[in-house]
Every structure is written in C-alpha cells, then in structure tokens.
Trainee: 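Sending over a structure as structure tokens; questions will come in a sec.
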Amino acid sequence: DSGVTQTPKHLITATGQRVTLRCSPRSGDLSVYWYQQSLDQGLQFLIQYYNGEERAKGNILERFSAQQFPDLHSELNLSSLELGDSALYFCASSVGDRDEVGEKLFFGSGTQLSVL
Amino acid sequence: AQSVAQPEDQVNVAEGNPLTVKCTYSVSGNPYLFWYVQYPNRGLQFLLKYITGDNLVKGSYGFEAEFNKSQTSFHLKKPSALVSDSALYFCAVRDGGYNKLIFGAGTRLAVHP
C-alpha cells in the first residue's frame, strides 16, 4: 500500500458529462501529480500541485482542471467527456516539489474511467 | 524536452534466465532516471533511480540498472528472472526543475516457467 488513496476506483459515465476524481496524498506529502494512462497514449503527465499551488502542467486538456485543497487532497475535474477520455487516471504524491536527490513518487491505484 | 524511449513492447524470458529491459534517454543536463513497475490493477511502484555516482544502481526485488552515458541508456536487469516478475515496466526521467516524471511507453515483461 503506497499510502495514496484515490476514489472512486471505477467510474462509468456518458459522453458530455462531468466527473470529479479525488486523491488523498500520503501523510506528510505536499506535492500531488495527476497522470492519465491509456492504451494509445501511454502514461501522460497532466498536472502537478505543491501545497495548493500549481507547479507544472503537461498535456492537460482545457476541459480538464485540477486543484489542491488546504488539507492537501486534490481533485481532478473532467468535463464535456468524450469517448477518448476513457482511461486510467493516477494520482501520485511526494514530499517536495523539487530537489536535488530525485525524489520518488508514490502512486495510488488509480481511477478507471469509462465514458460510454 | 526530456524524454525516454523503451524500444521493446514486450520481453519474454524463461524463469531462471537473466533479463534485460531496455531504455534510452534524451536529456539536457544531468539525467535523473527512474524505473517503475506496474502489476495488474495496481499503481506504479518505484524500483530504483540514478542521480549520480556509480553507473550500476541496485533496487528493489533484486533488480539493478546500468547507466551508460555514452550510449544514453539506462537498461534494467536482473540476474535470474522469476514468474512473479511478470509485469509492466516503465522507464522515466525527471523533467525540468520540478519532480514530475516523464514516462516511456512501457515494456511488458513475461517470465515463463
């Protein structure tokens, strides 16, 4: 168990809908990262937050948004869903946002999103 | 931009034989390189990392990786494969000043009894 909790584990919804994925980082971790894993795109970095502030942005669509709350949990909001958004969405956490020792990330088990 | 490439979609090896999963990198500056493993229905788990120092890095579950600067490679190795090593393996590089990682496409390792 990595200590990173993601809910829900599975989510089935229809095109055009909006969903929210939730992530609780490991105790003491201030950074949260969101990744999307799909068969055709592989594991894609979406966005990183540190202590409530956005730190880095990757290939995140404008229909997607995220935030990190004062209690450090994070939510990824996906709107106007399309069939192609079906994927496994991972959250990861780490203590810091940058360092000189290559801090490792701890991953949750993911949320499997199916858009029908 | 930093990137890694995993040239093999799948690697098949017999149990007890040595295994190698290949990774090449393209970075500006000093590379921070990682290997992660993903078991079915699980998140990614850290195996090992290279930051600086010895070119041979030892990690979890008996895995090691060899950093080769001239060949820009960071291959994952294990002297004797186990059936339980069968999983999806990802090479990754730290991108930019923050800790976010950029992952390769992944290599599926299948160890046969």
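We name chains A, B, ... by the order of the sequence lines, and we start the count at 1 in each one.
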Trainee: Is there a path of hydrophobic side-chain contacts, each under 4.5 Å between heavy atoms, that joins Phe67(B) and Leu19(B)?
Mentor: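 In one cluster: yes.
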Trainee: Kindly check if the number of other-residue, nucleotide or ligand heavy atoms within 6.0 Å of CG (Asn51(A)) is above 12?
Mentor: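 Enclosed: over 12 neighbouring heavy atoms sit under 6.0 Å from CG of Asn51(A).
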Trainee: If you group Ile, Leu, Val, Met, Phe, Trp and Tyr by side-chain heavy-atom gaps below 4.5 Å, do Val37(B) and Phe74(B) land in one group?
Mentor: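 Linked within one cluster.
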Trainee: Just checking Leu83(A): does its CG atom have more than 12 heavy atoms from other residues, nucleotides or ligands closer to it than 6.0 angstrom?
Mentor: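 Counting neighbours around CG of Leu83(A), more than 12 heavy atoms of other residues, nucleotides or ligands fall under 6.0 Å, so yes.
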Trainee: Quick check on the hydrophobic clustering: are Leu82(B) and Tyr39(B) connected, directly or via other members, by side-chain heavy-atom contacts under 4.5 Å?
Mentor: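 Different hydrophobic clusters.
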Trainee: Tell me whether Lys100(B) forms a cation-pi arrangement with Tyr33(A), defined as NZ or CZ under 6.0 Å from the six-membered ring centre and within 45 degrees of its axis.
Mentor: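 The answer is no; the distance or angle limit is not met.
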Trainee: What do you reckon, is CD1 of Ile12(A) surrounded by more than 12 foreign heavy atoms closer than 6.0 Å?
Mentor: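 Not more than 12 within 6.0 Å, no.
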Trainee: Determine, stepwise, if the pair Gln38(B) / Leu88(A) fulfils side-chain contact (heavy atoms from CB on, under 4.5 Å).
Mentor: CA-CA 13 Å; Gln38(B) 183 180 22; Leu88(A) 187 55; 4.3 Å; yes
Trainee: Hey, is the main chain of Leu105(A) close enough, under 3.5 Å, to the side chain of Tyr36(B) for a donor-acceptor pair?
Mentor: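 It does hold such a pair.
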Trainee: Would you say CD of Gln10(B) has more than 12 non-hydrogen atoms from neighbouring residues, nucleotides or ligands within 6.0 angstrom?
Mentor: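 Atom CD in Gln10(B) is packed in, count exceeds 12.
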Trainee: Please tabulate, for the side chains in residues 20-29 of chain B, all donor-acceptor contacts under 3.5 angstrom to protein atoms that are two or more places apart in sequence or on a different chain.
Mentor:
none

Trainee: Which bit of Ser94(A) comes within less than 4.5 Å of chain B, counting heavy atoms only: side chain, backbone, both or neither?
Mentor: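 Only the side chain of Ser94(A) comes within 4.5 Å of chain B.
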Trainee: Decide yes or no on side-chain contact (heavy atoms from CB on, under 4.5 Å) for Gln37(A) and Phe103(B), but give the supporting numbers first.
Mentor: CA-CA 11 Å; Gln37(A) 185 179 31; Phe103(B) 288 87; over 6 Å; no
Trainee: Would one find more than 12 heavy atoms of other residues, nucleotides or ligands at under 6.0 Å from atom CG of Asp9(B)?
Mentor: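 Atom CG in Asp9(B) is not packed in, count stays at 12 or less.
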Trainee: Would Ile102(B) end up clustered with Ile47(A) when hydrophobic side chains under 4.5 Å apart are linked, directly or stepwise?
Mentor: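 No, it is not one cluster - the side chains of Ile102(B) and Ile47(A) are not joined through contacts under 4.5 Å.
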Trainee: For Phe45(A) and Leu101(B), work out which heavy atoms get closest and say how close.
Mentor: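 That closest heavy-atom pairing would be CB-O, 4.2 Å.
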Trainee: Calculate, to the nearest 0.5 Å, the distance between atoms CD and NZ belonging to Gln45(B) and Lys104(A) respectively.
Mentor: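 Reported to 0.5 Å precision, the distance equals 10.5 Å.
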Trainee: With only heavy atoms counted, which part of Tyr35(A) is less than 4.5 Å from chain B, the side chain, the backbone, both or neither?
Mentor: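 When you check distances to chain B, only side chain atoms of Tyr35(A) fall under 4.5 Å.
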Trainee: What are the residues of residues 104-112 of chain B, in order of number, with any heavy atom under 4.5 angstrom from a heavy atom of chain A?
Mentor: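 So far as heavy atoms go, nothing in residues 104-112 of chain B approaches chain A to under 4.5 Å.
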Trainee: Evaluate the criterion side-chain contact (heavy atoms from CB on, under 4.5 Å) for residue pair Leu44(B) and Phe90(A); output intermediate values, then yes/no.
Mentor: CA-CA 9 Å; Leu44(B) 278 72; Phe90(A) 284 111; 4.2 Å; yes
